[in-house]
Amino acid sequence: MSFLRLLCVLILSACFCFSEEWRSLNVPGSWTYAFENTDPAPTKVDGWYRCWVKPPKNYFTPHERNLFEESIGIHLSELVGDHELWVNGMKIGEGSYDPNSEPSANTISTFRHKVPVGTLKPDQWNEIAIRLSGPWKDGGFGGEAPFIMDYFLECVFEGEWEFLSNGSYTPEGAVEEKPARATFDQFRESQRTLARTEAVPGPSLPPDESASKMVSAPDLRTDLLLHEPTVTQPFHFTFDERGRLWVAQSRQYPFPAGLEMLSRDKYYRAHYDTIPAAPPNHTPGADRITVHEDTDRDGVYDLHKTFVDGLNMANSAIRGYGGVWIMHTPHLIFYPDANGDDIPDGLPEVKLTGFGFEDTHSISNGLTWGPDGWLYGGQGSTCSCRVTRPGVDASDAEGVYFEGCMVWRYHPETKAFEIFAEGGGNTYGLEFDAGGRLFSGHNGGNTRGWHFVQGGFYQMQGVNPGKFGPPRNPYAFGELPMMSTSDRIVRFSHIGAFVEGTALPDQYQGHLFAIDPLHNEVIAAERLNLGSTFSTLDQGVVVKSTDPAFRPIHIANAPDGSIVVSDMYEYYIAHGQHYQNQIDRTTGRIYRIAGKDATLLTDLNLEEKSDNQLLRLLGHPNKWHRQTAVRLLGERKMRAKIWFFVIKRLFFYLKISASIK
C-alpha cells in the first residue's frame, strides 16, 4: 500500500472515529446528530450504547420456580441495524432490524433478550451495553426506549445514555459506586406493551426421553401417543362419535395475529387496536384443528388429518350436529361437515360473538357437550364478554355482559345463550361427571376445583370481593365456595376428569384425576358427599414426571377405557412469561394412562350403531360411551323412544321394588 493511500485511510478513520470518549446521547432517538460535524459523513456506524441499572430486591426474591429471575428480559424496539446486547460483560442476544425492508411474516422489529439467571447483581449498578452497526442517517433507536422487566416490575431506559462512536470497547461488569450518568433505578408495576417476538424456550427433552421420565403408580402405565411435529401446543382435545381424537393446537397463543397491543395492566389484561374478524375474513394465525385415528385398533394413532388451519386464537373444537364447533375468540364458529369427511362443506358460521380477549390466558374455552344437549364453555378471570348472536339478535343489541370467571352454554337448535353459573377459578376446561354434574379446576390452591350448579353464584378465584368487585346480584346471600378438602393442596389443580373406564383398575373408578401443571403430576382424589356438593380427599400421585417441562393441560376419559392427558410441554409455565415470549410453540405431547395390564376397548364407532344399540350403551361402564350415546340419540331426535325406554325401565324397577317389600 502506498504512503498516500495509507494516509487517506488514516484520515477517513479519524473522521469516522472522531472521538474515543463516551458522550451523552438521548434514547430513544437517532444517532445522526452525533456525527453532524463529521466530514465526510460516514455511510455506516459501528458504535456502542451504554447505561447502568440497579434492580430492586424483588428481582431476586426466592420462588419455587425462581419465577422472578427467570422472567427478566430486556426489550428493544425498532433498533435500526444489527445489534448485540451485553449485560455485565456477557453477550445475551443479537438481532437485526431494517425499517426499509419489505414487511413479511418473518420481519421482527421488537426483540426480547432473556437475561440468564445470575447475570444481574443485587445492590449493584449493572452495565447494559449494546453494540450497534447500522446506517449513519437515522440510525439508532427509531421506536420506544428499551426497558427491562421481570414478572411484575419494569424500568424504562428513556433519557440519557452513553455513546461511543466506534466498536473498540469490551463490555465490563457491575459496579458498586453509582456512575456519573446514564443510570436507571426507578421501577414501576409492569405495563409496557408487549408483542410477539422470537420465542425464548427453556430446556427441553426429545419426546421419547421425556416420556421415559414418567413415573406411574405401580398398577398403572403411561404411554406416549402423539408428539411434535404431529401435535404442538395441544391446549384441548375431544373425541368424536367414531372414537377419533380432535386436537386444538393453539400455536398462536398468546398474541392474536394482526393485532397491536395498545396498553395493558399488571394482570396482563390488554387493549388491542381492533377486534379480530371471524374466518374466512380473519388475519390468518398459526392455530390448527387436527384429527387423529387408530385405524387398526392397536392403540396407536396412525392416521392424521388437518381439518382446518390458519386459525387465530382457537383453543377448542368439538364435533356435533353435523359439523365442528370451534372456540375462535372472540367468536364461537361452526364448520358444517354433514358427511363427516373432515372437509368443511362450506364457509364457517358465526354462532356467537363478543367473547373478550383482554388476557388470552383466560379467554373463553373448554367446549364440551352437556347431557342436556347444550354446548358448554368457560371464561377465565381476566376477561370480559358482551355476547350476541349474529343473525338472531338485532345489530344494536347490548348482548350478554359478564366480567370474570363463569360458565356459559349455547343450544345448537334453539340458539339460546345464557350464563350457566357465575364465578369459579380461572376456568380453563370443563368436566361432566356420570350424574350430569359440572366441574372445573382452580388456578389457586386449597381445593381440587369447583362444583357448579345452574344459576349458582360462586366466589371468583376463591376471593371476593377483590379485583372482581362485589357480587353482581345485590340480593344474593353470599357466594358459594369451592370444593373443600382436608388435605393441604398446593397451587394448582388446573382441571380433572372423573375416572369411569374399563382400562383403569377398580380402585380408581369414580375418583378425580386432577392435573397439576406446576408440579408436573396427576393426582387421584376421592370425592365425598358434602350436603348438596362435595369435598375431596387426596389418594396420592398417580403419574409424576421428573422432566420439569411436562405441563399437563387437559385430561379426559377416552373411548378405549383409558384416561388421556395432553402436555403443553413448556419449561416456563407462568402466563406472564409466555407474554414475554418465553414459550416453545414447536412442542407438545399427548399421553395415555391405563392399567398396567389393561385391555383397551376396540368397539369405538358409535356412529354406525342403531338407535336401539345406542340405548343399550346407556348402561356401558365407560362414561364416554354413555355420554356420546346420549348426544347421538338427541341429535337423531330419539326423544320419544328414549322416554319409552325410561318408562319401561321405571316400571321394571317399581316391579322389583314391590317384590322386595
Side-chain angles (χ1 to χ4, degrees), residues 55-73 114-122 148-154 187 189-190 200-205 210 213-215 254 266-268 359 361-362 380-382 425-426 428-429 441-449 461-463 466-467 482 485-496 513-525 536 538 540-555 565 567-584 587:
K57 296 186 185 300
N58 306 61
Y59 269 46
F60 309 97
T61 301
H63 186 271
E64 180 183 8
R65 276 293 316 279
N66 202 13
L67 177 64
F68 302 104
E69 276 198 286
E70 280 186 351
S71 300
I72 298 174
K114 180 176 170 57
V115 180
V117 173
T119 305
L120 291 177
K121 307 303 178 186
I148 188 172
M149 69 175 290
D150 72 343
Y151 201 83
F152 290 117
L153 298 176
E154 70 184 19
F187 284 74
E189 286 185 344
S190 180
V200 188
S204 64
L205 297 175
S210 178
K213 303 290 184 180
M214 292 289 186
V215 179
K266 65 178 182 180
Y267 299 115
Y268 293 90
D359 178 6
H361 177 73
S362 303
S381 62
T382 40
N426 191 19
Y428 208 95
H442 183 43
N443 68 327
N446 304 317
T447 183
R448 288 292 171 212
Q461 292 187 285
V463 288
K467 66 180 180 180
M482 50 197 179
T485 177
S486 56
D487 301 300
R488 179 182 176 273
I489 297 179
V490 296
R491 184 180 186 184
F492 55 93
S493 294
H494 172 62
I495 189 179
F513 272 20
I515 55 178
D516 181 349
L518 188 59
H519 300 95
N520 327 106
E521 60 191 19
V522 180
I523 306 102
T536 63
D538 283 1
V541 175
V542 291
V543 175
K544 172 76 173 180
S545 177
T546 58
D547 180 356
F550 171 62
R551 304 296 186 185
I553 191 171
H554 191 60
I555 185 169
V565 179
D567 174 16
M568 185 180 176
Y569 201 75
E570 294 288 346
Y571 183 81
Y572 303 114
I573 188 58
H575 77 287
Q577 293 176 303
H578 298 160
Y579 276 112
Q580 297 176 44
N581 293 284
Q582 292 190 120
I583 190 170
D584 192 340
T587 57

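From Met214, atom CE reaches atom CZ of Phe550 across 3.5 Å, with rounding to the nearest 0.5 Å. Asp516 CG to Phe492 CZ: the interatomic distance, rounded to the nearest 0.5 Å, is 6.5 Å. Separation of atoms CG (Asp150) and CD (Glu70) is listed at 11.5 Å; rounding is to 0.5 Å. With values rounded to the nearest 0.5 angstrom, Leu153 atom CG is found 10.0 Å from Ile72 atom CD1.
Between the side chain of Tyr151 and the backbone N or O of Gly576 there is at least one donor-acceptor pair closer than 3.5 Å. Side chain of Arg65 to backbone of Tyr572: no donor-acceptor contact under 3.5 angstrom is found. Here the side chain of Ser493 pairs no donor or acceptor atom with the backbone of Ile495 at under 3.5 angstrom. Under a 3.5 Å cut-off, the side chain of Arg551 and the backbone N or O of Glu570 do form a donor-acceptor pair.
Residues meeting the salt bridge (charged side-chain N to carboxylate O under 4.0 Å, His left out) test with Arg448, sequence neighbours left out: Asp538. For Glu521, the salt bridge (charged side-chain N to carboxylate O under 4.0 Å, His left out) partners at least two apart in sequence or on another chain are Lys544. Looking at residues two or more places apart in sequence or on another chain, you find a ring pair (Phe, Tyr, Trp, His ring centres under 6.0 Å) between Phe187 and Tyr59.
When all heavy atoms of Pro55 and Lys121 are compared, the closest pair comes out as CD-O, 4.5 Å. Glu69 and Lys114 make their closest contact through O-NZ, 4.4 Å (heavy atoms, listed as atom of the first residue, atom of the second, distance). Here the shortest heavy-atom pairing between His494 and Pro517 reads CB-CD, 3.8 Å. The heavy-atom pair separating His578 from Ile573 by the smallest distance is CE1-O, 3.4 Å. Counting all heavy atoms, side chain and backbone alike, Asn426 lies closest to Ser381 at OD1-N, 2.7 Å. Here the shortest heavy-atom pairing between Pro201 and Asp584 reads CB-CB, 3.6 Å.
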- request: Could you check Glu189 against Tyr267 for side chain to side chain contact (heavy atoms under 4.5 Å, CB included), going step by step and ending with a plain yes or no?
  value: CA-CA 10 Å; Glu189 286 185 344; Tyr267 299 115; over 6 Å; no
- request: Walk me through it: do Leu120 and Phe60 pass the test side chain to side chain contact (heavy atoms under 4.5 Å, CB included)?
  value: CA-CA 9 Å; Leu120 291 177; Phe60 309 97; 4.1 Å; yes
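Between Lys57 and Phe68 the shortest side-chain heavy-atom distance does not fall below 4.5 Å. Taking 4.5 Å as the limit, every side-chain heavy atom of Ile583 sits out of range of all side-chain heavy atoms of Gln577. At a threshold of 4.5 Å between non-hydrogen side-chain atoms, the residues Asn446 and Ile489 do not count as touching. By the 4.5 Å heavy-atom criterion applied to side chains, Asn58 and Phe152 are not counted as neighbours.
Between the side chains of Tyr569 and Asp547, at least one donor N or O lies within less than 3.5 Å of an accepting N or O. For the 3.5 Å distance criterion, the side chains of Ser545 and Asn520 fail to qualify, holding no donor opposite an acceptor.
Within the 6.0 Å centre-distance limit, the rings of His575 and Tyr268 are counted as a close aromatic pair.
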